[in-house]
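In this chain, numbering begins with 1 at the start of the sequence shown.
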Amino acid sequence: MSKRKMPGYEMDDEFIAQLDFLRYDYDNALQTIEQQKQDIQKLLAVLVERDIPIPGNIIDRYIKRASETDNDEAEELPFN
């Protein structure tokens, strides 16, 4: 009887290693996306400060607008 490795175990180890690499790449991609989102918001804020027109679809995609109900409630607050 000769000793042989089971081919299934080798493939499983390689599969798990591939999953680890993919998870690392996925985590890096999520960090990059979050950083880009913050950069876009900063850029849009600068454009707004300088009165540079921004298309509405871009504003809707990246900037949360205050709802009208929130504005009504804010006006009703007493300031003494």
Side-chain angles (χ1 to χ4, degrees):
M1 289 191 179
S2 64
K3 295 181 180 179
R4 289 191 265 166
K5 279 189 169 179
M6 297 292 285
Y9 291 123
E10 225 175 271
M11 188 172 71
D12 289 344
D13 292 341
E14 183 178 330
F15 179 72
I16 291 171
Q18 290 288 334
L19 285 177
D20 287 340
F21 286 123
L22 289 173
R23 181 62 186 193
Y24 178 76
D25 287 343
Y26 177 75
D27 290 341
N28 283 340
L30 287 178
Q31 288 176 353
T32 301
I33 289 168
E34 187 60 35
Q35 183 61 48
Q36 288 176 342
K37 182 179 175 183
Q38 292 173 3
D39 292 344
I40 289 168
Q41 289 174 343
K42 287 177 187 176
L43 176 61
L44 289 173
V46 169
L47 294 174
V48 168
E49 283 178 4
R50 308 261 170 141
D51 283 333
I52 299 173
I54 304 168
N57 62 343
I58 293 176
I59 290 174
D60 293 339
R61 191 176 310 150
Y62 295 106
I63 298 176
K64 294 179 184 175
R65 296 181 190 205
S67 66
E68 291 180 18
T69 58
D70 291 342
N71 291 338
D72 293 341
E73 291 173 10
E75 293 175 0
E76 295 175 4
L77 294 175
F79 294 100
N80 295 335

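- Remark: Asn57 engages Pro55, Arg61 in a side-chain contact (heavy atoms from CB on, under 4.5 Å) (not counting sequence neighbours).
- Rounded to the nearest 0.5 Å, atoms CD (Gln35) and CD1 (Ile40) are 10.5 Å apart.
- Taken together through direct or relayed side-chain contacts under 4.5 Å among Ile, Leu, Val, Met, Phe, Trp and Tyr, Val48 and Ile52 form part of one hydrophobic cluster.
- Arg23 places a side-chain heavy atom less than 4.5 Å from the side chain of Asp27.
- Sorted by first then second residue, the salt bridge (Lys or Arg N to Asp or Glu O under 4.0 Å) pairs that include residues 35-48, not counting sequence neighbours, number zero.
- Distance check: Asp60 CG to Ile54 CD1 gives 11.5 Å after rounding to the nearest 0.5 Å.
- Looking at residues two or more places apart in sequence or on another chain, you find no side-chain contact (heavy atoms from CB on, under 4.5 Å) involving Leu22.
- Every residue two or more places apart in sequence or in another chain was checked for a side-chain contact (heavy atoms from CB on, under 4.5 Å) with Asp25, and none qualifies.
- Taking hydrophobic clusters as Ile, Leu, Val, Met, Phe, Trp and Tyr residues chained together by side-chain heavy-atom distances below 4.5 Å, Ile58 does not share a cluster with Val46.
- Checking Gln31, Gln38, Gln36 one by one against Glu34, the side-chain contact (heavy atoms from CB on, under 4.5 Å) holds for a single residue, Gln38.
- By the side-chain contact (heavy atoms from CB on, under 4.5 Å) test, Glu49 is found to be paired with no residue, residues two or more places apart in sequence or in another chain being considered.
- Side-chain contacts under 4.5 Å among hydrophobic residues (ILVMFWY), followed directly or transitively, place Tyr26 together with Leu30.
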